[in-house]
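Everything below concerns the one structure shown next.
The sequence lines fix the lettering, A, B, ..., with proteins before strands; numbering per chain opens at 1.
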Amino acid sequence: MSLLQVRDLKTYFYTDAGVVRAVDGVSYDLKEGETLGLVGESGCGKSVSALSILRLIANPPGKIVGGEIFFEGKDLLKISEKEIRNIRGNHIAMIFQEPMTSLNPVLTIGLQIGEALELHRNMNKKEAREEILRLLRMVGIPDPERRIGDYPHQFSGGMRQRVMIAMALSCNPKLLIADEPTTAVDVTIQAQLLEVVKELTSRLGTAVMLITHNLGVVARHVNRMAVMYAGRIIEQGPAAEVYAHPWHPYTIGLLASVPRLDKPRKERLVPIDGQPPNLILLPPGCSFMPRCSYRMEICSKERPELRPVGDGHFTACWANMER
Amino acid sequence: MANDILIEIKNLSMYFPITKGIIRQQKIAEVKAVDGVNFFIRKGETLGLVGESGCGKTTLGRCLLQLIRPTSGEVYFEGVDLCTMASDHLRSIRQRMQIIFQDPFDSLDPRMTAGEIVAEPLRVHTRIRGRELREKIAELLKIVGLDPSMTERYPHQFSGGQRQRLGIARALAIRPSFIVCDEPISALDVSIQAQIINLLEDLQGEFDLTYLFIAHDLSVVRHISHRVAVMYLGKIVEVANRDALYRVAKHPYTIALLSAVPIPDPIVEASRERIILRGEIPSPIALPPGCNFHPRCPIGVEICQKEIPSLREIEEGHWVACHLA
C-alpha cells in the first residue's frame, strides 16, 4: 500500500486580484522508502501542494478547497488539529529552502533539536543530549560536543541545512518533505547535502518528497518524478523513463532548454517561448497551450487529463505523436 | 598591450575593513573580497567568471566599473587606468560601460514606468529629448523583445523575464561597448533563462559588445563564454579558453566544481564519479596560510600549506594557480 496518497487536491488563494488556483486537482502516490521528485518552476504549485499535506496553508488567504490526502490510510484533511500536530515532525518532517528563516535565532541548535525529542519522543534531558549528539554526528557536523551550544548564526548555510536535516530526522519520520533544500547553497555544498539526505533516508527507510526546479538534482536523486505546470501535474512517471522519453511538450521544452555539461556545446539554446502563466487568468483548456509548439484546436477548449503513455508513465496532453 | 584588448586589470584588490566601536572606530580585521587579481578581456569577447557565493566575483565586477573604488591595483579600459581617474571624468567613460543585475525585482525603481527606466540613462548622458526620445525608447524595447506598447507599465506589471529584458534595454540605451552581466539569469525560471541567454548572444553580435558574465552555473557559463575564469576566495585560480577549461580543467577546485554540477539525465548521473569536497569555504576574514584551497583540496601536499601558488601559464592561454598543476 502507498504511504501517501494525494487525490484531486485543490488549494486556492483568495486575493484582491482574484482566485489563485495554486494547486488545482493534483493526485499522486508515494510508496514507503521511495523518493519522489516534484519538479516545476516558481509558482507552479509544487510547494503549496507539499504544504497542504501538513495543512500549513495560511488561511486566509489560502484554503484547501477539495481533495483527500491519505497518510497511512488516514485522511489528513479530516483529522483534528491535535492529530495533525502529532503527525507534523513526528511522522512527516519537512526541510525548507532557507534554513536561516526556519531556525530560531535566539535558541542554541541543541535546544531546538532537543525540543522535538522531548515533545515527540518523551526523552529526558540526558537522553536527549546523547541523541542530539548522535544526530549531529550522523549529518556530518564536526565536533558536535562543542557545536551543540552554538546559535544558528554561528553556522554556515550548508551546516545550518545539516542541522535542519538532523532535526527533521530526529523523530524517525516515515516521510521527509524537502522543499528546495539546496537552492540557497553552492554547488559543492549542494552535492554534500544531497548525498547526506540520500544516504540517511535510504538507511532509515524514509520516503522522500524532493521539491525542486533543478532537473539535474532530480535526475540523480529520485525514483519517480512529477512535473507540475500552473497548479497541475502534467507528466509523471519513473525518472529514467521521463528523462529518456519525455512526452509533454513542457517537459520536452524544459529538458531541451538547459545547456548540458556532458554534451557538446550547442550553438544556440532552444528556449520555451512566452511567459509563465498568470494563475488568475488561466486560459480555458490546457494551461500550457499559449506557449506550446504542438498546440491543436482541442487544446484551447478542453483541459487534458493525465493518461497512460507507458509503464507507469502518464501525461496530460492531447497531442499524440510518434516520439 | 595588444590592441584587441578592451579591459585589463592588474593586481586588483578590494579589502573591506571590519571595524569595532562607534565613536572611535578601530579596524580589527579586513575581508579580502578581491585579492591581487589579474586578467584581460578582448574586444567582442565574453569572459565567464564563475565561483561560489562569497568568492568575490560580484565585488570584482563592481570594482571594474569603479562602482566601488578598489583598494589597490589598476583597471585599464582601452589603455586608460580608471582607478586613478577623477569622478567627473569617469562619468563620460561610464557611458561605455554598463551593468545588468541579478535581481530584476530590486534593480528597477517600482515607481518609474518602463519608458522612464529606459530613458533615464539617455537623459543623464545625452541630449536626446521629446519625440526622438520616445522613438528611441520604443526601438530599445523592441530590440530586447518587449512590445513598445508596454512603455507606460510599471515593473510589477512585468514577469521576471520581462523585467530582466527591461534591465537589458536600460543597459543598452547609451550604446555601451562593455557590459558586466552579474548573475543575469539566476533569479529567472528555467524556461526563461534560455530566452535571456539567446538575447544576450544576439545583442553581442549586433552591437559588438564585450561581456564579463558573472555566474555560478557552470553549464550556462560554458554556453555563453569564450574564455572562463574560476574564482575562489578572492583569487583567480584558473583561466582558460572555454573548451580547454571544460575538457581538461587543471585546478582541483575547478575539477570538483565541474563534477558537482548535476546532469539532467538519470543514466549519466548513475555512472558519474563525483568529487565531494570536504568541509566548507573558509571565512574570507581568516584565510588559511598558503593556498586558500588547501583545507578542502583532495590532492594537497605540504608546500600548499605554506606557499601561495601564483597564477602561471602552463599551456598557451591556460593559467592555473596550483603548485601541482
Report which part of A:V258 has an atom under 4.5 Å of a heavy atom belonging to chain B: side chain, backbone, both, or neither. side chain
Could you tell me whether the side chain of B:N198 and the main chain of A:L269 form a donor-acceptor pair under 3.5 Å? yes
Could you tell me whether A:D143 atom CG has more than 12 heavy atoms of other residues or ligands within 6.0 Å of it? yes
Would you indicate whether A:E145, at its atom CD, is surrounded by more than 12 heavy atoms from other residues, nucleotides or ligands within a distance under 6.0 Å? yes
Keeping to residues at least two apart or across chains, list the salt bridge (charged side-chain N to carboxylate O under 4.0 Å, His left out) pairs with something in residues 219-228 of chain A. A:E34-A:R224, A:E195-A:R220, A:R220-B:E269
Residues, nucleotides or ligands: over 12 heavy atoms within 6.0 Å of A:K266 NZ: yes
Against chain B, label A:Q190 side chain, backbone, both or neither, depending on which of its atoms sit under 4.5 Å from a heavy atom there. side chain
Out of curiosity, B:I263 CD1 to A:D262 CG, how far, rounded to the nearest 0.5 Å? 4.0 Å
Heavy-atom contact with chain B under 4.5 Å, split by part of A:N214: side chain
What closest approach, in Å, do B:P264 and A:Y243 show between heavy atoms, and which atom pair accounts for it? O-CD2, 3.2 Å
Closer than 3.5 angstrom, by distance alone: can the side chain of B:R222 be matched with the main-chain N or O of A:R260 as a donor-acceptor pair? yes
Can you list the residues of residues 187-195 of chain B that sit under 4.5 Å from chain A, counting heavy atoms only? B:D189, B:V190, B:S191, B:I192, B:A194, B:Q195
For residues 241-262 of chain B, give me every residue with a non-hydrogen atom less than 4.5 Å from any non-hydrogen atom of chain A. B:R242, B:Y246, B:L257, B:L258, B:A260, B:V261, B:P262
Give, as side chain, backbone, both or neither, the part of B:I267 having an atom under 4.5 angstrom from any heavy atom of chain A. neither
If you measure from CG on A:L215 to CG on B:D265, what distance do you get to the nearest 0.5 Å? 11.0 Å
In residues 231-240 of chain A, which residues are in contact with chain B at a heavy-atom separation under 4.5 Å? A:A239, A:A240
